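The structure appears right after this line, and notes come after that.
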Amino acid sequence: MGTMPLESKPPSPYRTRFAPSPTGPLHFGSLVTAVGSFLRAQSMQGTWVIRIEDIDPPREVPGAAKAQIETLVGFGLRSQGPIVYQSHRREVHDQLIRQLVDGQQAYDCGCSAKEMPTSGIYPGTCRSGLPAGRSPRAVRLKTNAEVIEFQDAVQGTHRQVPSDQTGDFIIRRGDGLIAYQLAVVADDHWQAITEIVRGADLLSSVGRQQLVYRALDYPSPQYMHLPLVVDDSGRKLSKSDGADPVARLPKAQALRLALRSLGHEPPQGAVSLEAMWQWAFNHWHLDAIPRGPVAI
Ligand code: GLU
């Protein structure tokens, strides 16, 4: 290896985020994602920040964001930078949507949910202008038949074709709220997130989000999707589950279980939360993380 030429930039510092929606208490599945993203950031000498995705008031539970943050702090998971509330970014989201509509990458759609075909793939009814008698409701981003290929640090190589998954998809909803697919890209870029670490339930969104990155001319982050935690019957853990380990177990034990869900086996026995973290810092390795759902 020769010396680094003077003009080459050092690699951008690693930054990831944990981005819960404030729809209830922090449940075990979210703890696993928080722990996995935090350990990944630590192992990369990077930064881990919390972002509250409060862009859907009808689904928001009052006090949930505060309670989630307190639960995280109780586990020793503190945001290493200001906590961003997505609702504060509304003006920027609106401005980006206007930019996409002006650039003809997105368009007003007058269709109602009832008019969607059962395939769930938007047929493009309003793509070349609102049909007569329709008024604008949602805004959709245009898709094309392109194959999006990406490498995921845990899930390997994936290919997605958003035009076959959903067709042109919503970036502002009919009720005027900003859609997740737009807000998440806008804010991950603004926060200089270099790798998105989150649950595998969002793996299928990567193709659509890549189209938003391209439309906005933003560079793509890296991806790492952690295994989903499911119950005995294979269902994703629900936020209202009273048997949730976060509520039921002492913190060190809940952290042990989270580490096990991530394929790591801390030694048995009563250890403190600090000792459990120390073990995790020393033993964290990507190869241990399972791809598929893990049952608890
Ligand atoms: N807010 C989403 C959730 O709670 C996570 C979004 C993301 O990490 O991209 O499931």
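Whatever order the structure lists ligands and atoms in, that order sets their numbers, starting from 1. Keep in mind it's a predicted model, so treat the numbers as computed, not measured. We use all heavy atoms of the structure for the numbers below, so side chains are in, but hydrogens, waters and symmetry mates are not.
- Considering both main-chain and side-chain atoms, Asp201 never comes within under 3.5 Å of ligand 1 through any nitrogen or oxygen pair.
- Evaluated by nearest non-hydrogen atom to atom 6 (C) of ligand 1, the leading choice among Gln181, His225, Glu53 is Glu53.
- Aromatic ring centres of His285 and His264: separated by under 6.0 Å.
- Residue Tyr180 places a heavy atom under 4.0 Å from ligand 1.
- Only the side chain of Leu202 comes within 4.0 Å of ligand 1, counting heavy atoms alone; its backbone N, CA, C and O stay farther away.
- A distance below 6.0 Å separates the ring centres of Trp277 and Phe38.
- By the criterion of a heavy-atom distance under 4.0 Å, both the backbone and the side chain of Ser21 are placed next to ligand 1.
- Salt bridge status for Arg89 with Glu91: absent, with no side-chain N to carboxylate O gap under 4.0 Å.
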For Asp94 and Arg98, what are the C-alpha separation, side-chain angles and deciding distance, and is it a salt bridge (Lys or Arg N to Asp or Glu O under 4.0 Å)?
CA-CA 6 Å; Asp94 277 327; Arg98 272 197 303 275; 5.6 Å; no
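- Here the closest non-hydrogen pair linking Pro227 and Leu262 is CD-CD2, 4.3 Å.
- Close approach of ligand 1 to Arg17 (heavy-atom distance below 4.0 Å) involves ligand atoms 7 (C), 8 (O), 9 (O).
- Just one of His93, Arg51, Arg17 meets the side chain to side chain donor-acceptor pair (under 3.5 Å) condition when paired with Asp187; it is His93.
- Remark: ligand 1 atoms within the under-4.0 Å shell around heavy atoms of Val184 are 9 (O).
- Backbone and side-chain nitrogen or oxygen atoms of Pro20 are examined, and none is located within less than 3.5 angstrom of a nitrogen or oxygen of ligand 1.
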